[in-house]
Student: 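Below you'll find the structure I mean.
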Amino acid sequence: MNTQPIAILLVDAHPVVRAGFRRLLEGVSGQQIIGEVASDEEALRFCAGQPPDVVLIDLSMSVPARLKTVRRLRKQLPGLPVLAFNLHDNEMMFSQAMQAGVSGYLNQHISAATLQEAISAVARGKAYIAPELLGRALSGEQAGALETLTPRELEVFTLLAEGGNIKEIAATLSISPKTAGVHQTRIMHKLGLRNAVQLVRLALRQGLISP
């Protein structure tokens with residue numbers, strides 16, 4: 001029998017949040033945080049050198065970038081379980097995370113018992129979804145339309161909602177302004193939006209940006 005504890009890598013930009021998860025796991029037999037990183041690139045480098053048994057990743061901020069990291073981790077280490085959590089109650093992001101290939105998903109109602117159960121489940125190769133999310137479906141025409149956005153379109157959508165202009169977005173994503181403009185046009189058409197105000201309101205309702 002393997003008596004080694006489940007090795008966990010915690011990915012979160014905020015030290016206070018990381019400290020909170022450490023407290024939730026303190027004294028838990030069979031589970032151990034072996035590393036904490038603040039950025040996505042650090043997570044990829046850590047996993048390349050010392051693959052953990054489970055990656056625990058925060059999707060609450062920089063959502064498109066974090067979903068991209070999930071996809072990169074799954075490509076780099078296909079069998080690596082990724083357990084995502086989002087401190088906002090966001091149904092659209094739950095759907096996006098599942099599409100990105102996470103093994104489990106937790107929302108804002110995280111207790112020590114739930115966290116430990118989820119880590120144990122995904123480490124055994126099982127899927128784990130927070131009980132209150134089971135059977136939940138996205139509602140609303142625009143919320144459903146968000147699921148049709150490509151990963152790049154979701155990045156552009158979020159940057160637009162944060163107030164970025166086409167030139168700034170192009171520079172951030174290393175694409176041409178023309179390409180960024182095409183993405184903007186497609187996003188507005190897919191979501192049935194007429195102006196930037198509607199775009200920002202939708203992003204706020206879905207928890208992609210903070211007020």
Side-chain angles (χ1 to χ4, degrees), residues 1-40 42-44 46-48 50-63 65-139 143 147 206-208:
M1 176 181 291
N2 182 13
T3 59
Q4 293 296 316
I6 297 170
I8 304 161
L9 173 65
L10 178 57
V11 184
D12 192 287
H14 303 286
V16 173
V17 177
R18 295 200 302 269
F21 276 94
R22 281 199 307 273
R23 287 194 296 272
L24 286 175
L25 293 172
E26 278 179 357
V28 178
S29 176
Q31 297 182 4
Q32 179 183 10
I33 295 177
I34 63 167
E36 299 179 26
V37 297
S39 72
D40 304 319
E42 287 177 299
L44 291 162
F46 189 101
C47 290
Q50 185 182 359
D53 298 316
V54 173
V55 173
L56 181 60
I57 187 168
D58 181 7
L59 299 182
S60 302
M61 301 293 290
S62 304
V63 174
R66 286 289 160 87
L67 290 177
K68 183 177 181 180
T69 299
V70 171
R71 289 187 287 268
R72 290 175 67 186
L73 283 169
R74 298 289 291 175
K75 183 177 180 180
Q76 180 174 299
L77 295 165
L80 177 63
V82 178
L83 177 60
F85 66 92
N86 190 342
L87 299 180
H88 306 292
D89 197 1
N90 186 317
E91 295 178 359
M92 187 278 291
M93 192 46 55
F94 165 56
S95 179
Q96 291 280 347
M98 298 309 294
Q99 291 179 26
V102 301
S103 307
Y105 190 94
L106 299 168
N107 64 1
Q108 60 184 335
H109 307 291
I110 301 174
S111 67
T114 298
L115 178 61
Q116 294 157 22
E117 180 182 0
I119 291 172
S120 295
V122 299
R124 297 194 307 270
K126 306 293 185 182
Y128 187 94
I129 306 300
E132 57 270 20
L133 291 173
L134 289 174
R136 182 183 288 187
L138 284 170
S139 59
E147 293 187 282
Q206 294 302 313
L208 293 176

Student: Could you tell me whether the side chain of Val55 reaches within less than 4.5 Å of the side chain of Pro81, counting heavy atoms only?
Tutor: no
Student: So, do Asn107 and Asn86 sit near enough that their side-chain heavy atoms are less than 4.5 Å apart?
Tutor: no
Student: Of all residues at least two apart in sequence or in a different chain, which pass the ring pair (Phe, Tyr, Trp, His ring centres under 6.0 Å) check with Phe21?
Tutor: Phe85
Student: Name all residues meeting the side chain to side chain donor-acceptor pair (under 3.5 Å) criterion together with Glu42; count only those two or more places apart in sequence or in a different chain, and write none if there are none.
Tutor: Ser39
Student: Do Pro51 and Gln76 make a side-chain contact, defined as non-hydrogen atoms from C-beta onward lying under 4.5 Å apart?
Tutor: no
Student: Please examine the side chains of Ile8 and Leu25, heavy atoms only from C-beta on, and report whether any two atoms are closer than 4.5 Å.
Tutor: yes
Student: The criterion is side chain to side chain contact (heavy atoms under 4.5 Å, CB included); which residues satisfy it with Ala7, sequence neighbours excluded?
Tutor: Ile34, Asp53
Student: Taking all heavy atoms of Ala84 and all of Val102, pick out the closest pair and write down the distance.
Tutor: CB-CG1, 3.9 Å
Student: Would you mind reporting whether Leu56 and Leu9 have side-chain heavy atoms less than 4.5 Å apart?
Tutor: no
Student: Sequence neighbours excluded, which residues qualify as side chain to side chain contact (heavy atoms under 4.5 Å, CB included) partners of Arg22?
Tutor: Arg18, Ala19, Ile33, Glu36
Student: Listed by chain and number, what are the side chain to side chain contact (heavy atoms under 4.5 Å, CB included) partners of Arg72, not counting sequence neighbours?
Tutor: Glu41, Leu44, Lys68
Student: Side chain to side chain contact (heavy atoms under 4.5 Å, CB included) with Ser29: which residues, sequence neighbours excluded?
Tutor: none
Student: Would you check, one step at a time, whether the test side-chain contact (heavy atoms from CB on, under 4.5 Å) holds for Val82 with Arg74?
Tutor: CA-CA 8 Å; Val82 178; Arg74 298 289 291 175; 4.2 Å; yes
Student: Less than 4.5 Å apart, side chain to side chain, heavy atoms only: is that true for Leu83 and Ser103?
Tutor: no
Student: Who are the salt bridge (charged side-chain N to carboxylate O under 4.0 Å, His left out) partners of Asp40, not counting sequence neighbours?
Tutor: Arg66
Student: Any non-hydrogen side-chain atom of Tyr105 less than 4.5 Å from a side-chain atom of Leu59?
Tutor: yes
Student: Return all side-chain donor-acceptor pairs below 3.5 angstrom for residues 111-122, not counting sequence neighbours, or 'none' if the list is empty.
Tutor:
{"unit_1": "Ser111", "atom_1": "OG", "unit_2": "Thr114", "atom_2": "N", "d": "3.1"}
{"unit_1": "Ser111", "atom_1": "OG", "unit_2": "Thr114", "atom_2": "OG1", "d": "2.9"}
{"unit_1": "Gln116", "atom_1": "NE2", "unit_2": "Leu24", "atom_2": "O", "d": "3.3"}
{"unit_1": "Gln116", "atom_1": "NE2", "unit_2": "Ala112", "atom_2": "O", "d": "3.3"}
{"unit_1": "Ser120", "atom_1": "OG", "unit_2": "Gln31", "atom_2": "NE2", "d": "3.0"}
{"unit_1": "Ser120", "atom_1": "OG", "unit_2": "Gln116", "atom_2": "O", "d": "3.1"}

Student: Which heavy-atom pair separates Ala43 from Leu73 by the least distance, and what is that distance?
Tutor: O-CD2, 4.4 Å
